[in-house]
Amino acid sequence: MFRIDGSQGEGGGQILRTAVSLSAITGKPVEITNIRSKRPNPGLRPSHLTAVKVLADLFGAKVENLKVGADWVRFEPSSRFEGATAKVDIGTAGSIPLTLMAVVPAVSLSGNELEIEITGGTDVKASPTIDYVRFVVAEIFRSIGIKFSVDVVKRGYYPKGGGIVKATIKACRSPAASEFLNGRYVEPKITSVCSELPRHVAERQIASALVSLEKAGIKCSNYSASYETALSPGTSILLYSVSDFGGPYIGGDSIGEIGKRAEAVGREAADRFTESALAGTAVDPFLADMLVLPLCLAKGRSIYKTARVTGHLRTNLAVAGAVTGCRSDVKPAENGHLVTIET
């Protein structure tokens, strides 16, 4: 039984998701303690519980103390995979993207396949947007060997949720050790969405993002605004640049909130994008921590460059090392940091 301290590093729900996903892949049981103990509302939240329950059901795992507010959980996977298809309702506006980021690598890297439908929040706080997952994460995962597709049936925002996403996950028996060092310029694309709000909100988000890009000396001629149905009003925007040749794989997203002007949403997403684009790095800071899980299971040495090191990245590296025994290093480099993972 591997014991993971859930209060280490940034101390968030990512520790739980990473530990349980790696447990499902490797077959090694884990116990996570002090779950989210540093947060204002410590313990398991509904969205965290959903991710663990989905993996438990798929991998026939024995789980102890799985309840909202729990400060520890034990997860013991079996040797059988119960999946093929699954339907999950988070029950709130809990993050569909974060649930997917636990399920996708666990299913694919264990050599299994799955069609899953998840109901919840597609674009919510403290989470990547669903567009970031399907346009940025899916592309870089594909280059590692993990193939999955995402279909957004309906958007879901706080507070009602109700978003519906269908995903198809393919098996990957051996992820490829990878280098993502190419930070060359690739003209970005912009996708802006609004629901139950005037269409001009999505258009204003784009206009603001374009102004920010122009000030940074970055051109963008490929952008789109769309109106999609949802139970609650909401908006999101994503700016991204993707290339198959070692990078870049960078994105910057943002969501609308009550009292937050559309112009601020667009500017925030642009600022997140330009941080990596101007630094000439291949991987954005949020994607950097998502790469840890697949690359800690790839045979050989992987290396990538990111503009900034986050607490999530360092914590994920520590958890991955504890469960898999992989070695990792983070070193300063020109305009960023080099992350190395070796197995």
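- Nearest heavy atom pair, residue Leu295 against residue Ala176, reads CD2-O, 3.9 Å.
- Once rounded to the nearest 0.5 Å, the distance linking CG of Leu313 with CG of Leu317 reads 4.5 Å.
- Side chains of Ser221 and Glu187: a donor-acceptor N/O pair is present below 3.5 angstrom, by distance only.
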Exercise for review: Starting from the C-alpha separation in whole Å, work towards a yes-or-no answer on salt bridge (charged side-chain N to carboxylate O under 4.0 Å, His left out) for Arg134 and Glu139.
Suggested key: CA-CA 8 Å; Arg134 64 174 173 166; Glu139 288 301 309; over 6 Å; no
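- A distance-only check finds a donor-acceptor pair linking the side chain of Thr343 to the backbone of Ala298 [under 3.5 Å].
- Judged by distance alone, the side chain of Thr50 and the main-chain N or O of Pro46 form a donor-acceptor pair under 3.5 Å.
- The shortest heavy-atom contact between Gly251 and Val136 is CA-CG2, 4.3 Å.
- Although no hydrogens or angles enter the test, the distance criterion places no donor-acceptor pair under 3.5 Å between the side chain of Ser276 and the main chain of Arg272.
- Between Phe75 and Lys62, every side-chain heavy-atom pair lies at or beyond the 4.5 Å cut-off.
- With rounding to the nearest 0.5 Å, the separation of CD1 in Ile116 from OG1 in Thr85 is 9.5 Å.
- The 12-atom threshold is not exceeded at OH of Tyr223, counting heavy atoms of other residues, nucleotides or ligands nearer than 6.0 Å.
- Within 6.0 Å of CD in Glu82 there are more than 12 heavy atoms belonging to other residues, nucleotides or ligands.
- Counting heavy atoms from C-beta on, the side chains of Ser224 and Ile190 never come closer than 4.5 Å.
- Looking only at atom types and distance, the side chain of Tyr304 has no donor-acceptor partner in the side chain of Ser178 under 3.5 Å away.
- Ser236 and Asp123 are linked by a side-chain donor-acceptor pair at a separation below 3.5 angstrom, with hydrogens and angles left out of the test.
- Distance check, rounded to the nearest 0.5 Å: CD1 of Ile218 to CG of Leu210 gives 11.5 Å.
- Residues Val30 and Arg74 have side chains not in contact (no heavy-atom distance under 4.5 Å, counting atoms from C-beta outward).
- In this structure the side chain of Leu181 reaches within 4.5 angstrom of the side chain of Ile303, judged on heavy atoms.
- At a cut-off of 3.5 Å, with distance as the only test, no side-chain donor of Ser208 or Glu263 sits close to an acceptor on the other residue.
- One distance of note links OG1 of Thr281 with CG of Leu338; it measures 10.5 Å at 0.5 Å rounding.
- Shown here is Lys215, whose NZ atom has no more than 12 heavy atoms of other residues, nucleotides or ligands within 6.0 Å.
- A donor-acceptor contact shorter than 3.5 Å is absent between the side chain of Tyr227 and the backbone of Ser195.
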Point to revise | Candidate pair Lys166 and Val153, rule side-chain contact (heavy atoms from CB on, under 4.5 Å), full reasoning | key: CA-CA 7 Å; Lys166 293 181 178 180; Val153 179; 4.1 Å; yes
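- When atom types are taken as modelled, the side chain of Thr235 and the backbone of Cys194 share no donor-acceptor pair closer than 3.5 angstrom.
- Taking CZ of Arg17 as the start and CG of Asn316 as the end, the distance is 9.5 Å to the nearest 0.5 Å.
- The two residues Ala279 and Ala307 make their nearest non-hydrogen contact at CB-CB, 4.1 Å.
- Using modelled atom types, one side-chain atom of Thr306 and one backbone atom of Val283 make a donor-acceptor pair closer than 3.5 Å.
- Counting only distance, with no hydrogens or angles, the side chain of Asp131 and the backbone of Leu238 share no donor-acceptor pair below 3.5 Å.
- The closest side-chain heavy-atom distance from Ile32 to Val20 is below 4.5 Å.
- A donor-acceptor pair is defined here as one N or O able to donate and one able to accept, closer than 3.5 Å; such a pair exists between the side chain of Thr315 and the backbone of Gly311.
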Practice item. Before giving the answer on salt bridge (charged side-chain N to carboxylate O under 4.0 Å, His left out), spell out for Arg267 and Asp271 the whole-Å C-alpha distance, their side-chain angles and the decisive distance to 0.1 Å. Key: CA-CA 6 Å; Arg267 185 166 54 249; Asp271 288 346; 5.4 Å; no
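- The 12-atom threshold is exceeded at OH of Tyr185, counting heavy atoms of other residues, nucleotides or ligands nearer than 6.0 Å.
- A 4.5 Å side-chain heavy-atom check between Ile4 and Thr33 finds every atom pair outside the cut-off.
- Taking the six-membered ring wherever Trp is involved, the centroid distance between the rings of Tyr240 and Phe273 does not fall below 6.0 Å.
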Exercise for review: Decide salt bridge (charged side-chain N to carboxylate O under 4.0 Å, His left out) for Glu179 and Lys305; before the verdict, give the C-alpha distance in whole Å, the side-chain angles of both, and the deciding distance to 0.1 Å.
Suggested key: CA-CA 9 Å; Glu179 288 190 358; Lys305 188 176 182 182; over 6 Å; no
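- The side-chain heavy atoms of His312 and Met290, taken from C-beta on, include no pair separated by under 4.5 Å.
- Lys154 NZ: more than 12 foreign heavy atoms inside a 6.0 Å radius.
- Of the charged side-chain nitrogens involved, none lies within less than 4.0 Å of a carboxylate oxygen, so that Arg36 and Glu10 do not count as a salt-bridged pair.
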Practice item. List the steps and the verdict of side-chain hydrogen bond (donor to acceptor under 3.5 Å, both in side chains) for Ser7 and Asp5. Key: CA-CA 5 Å; Ser7 68; Asp5 182 359; 2.7 Å; yes
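- Heavy atoms only, all atoms of each residue included: Leu55 and Ala106 are closest at CD2-CB, 3.6 Å.
- Looking at every heavy atom in both residues, Lys28 comes nearest to Thr324 through NZ-CA, 4.4 Å.
- Between the CD1 atom of Ile130 and the CZ atom of Arg155 there is a distance of 8.0 Å, given to the nearest 0.5 Å.
- No more than 12 heavy atoms of other residues, nucleotides or ligands lie within 6.0 Å of CZ in Arg314, so this atom counts as exposed by the packing criterion.
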Practice item. Tell me, with the steps shown, if Arg142 and Asp244 meet salt bridge (charged side-chain N to carboxylate O under 4.0 Å, His left out). Key: CA-CA 9 Å; Arg142 181 174 56 82; Asp244 286 339; 3.2 Å; yes
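- Judged by distance alone, the side chain of Ser143 and the main-chain N or O of Ile140 form a donor-acceptor pair under 3.5 Å.
- Checked by atom type and distance alone, the side chain of Asp284 pairs as donor or acceptor with a backbone atom of Leu287 at under 3.5 Å.
- Looking at heavy atoms from C-beta onward, Glu196 lies in side-chain contact with Thr229 at the 4.5 angstrom threshold.
- Judged by distance alone, the side chains of Thr129 and Asp253 do bring a donor and an acceptor atom under 3.5 Å apart.
- Tyr158 and Ser232 make their closest contact through O-CB, 3.7 Å (heavy atoms, listed as atom of the first residue, atom of the second, distance).
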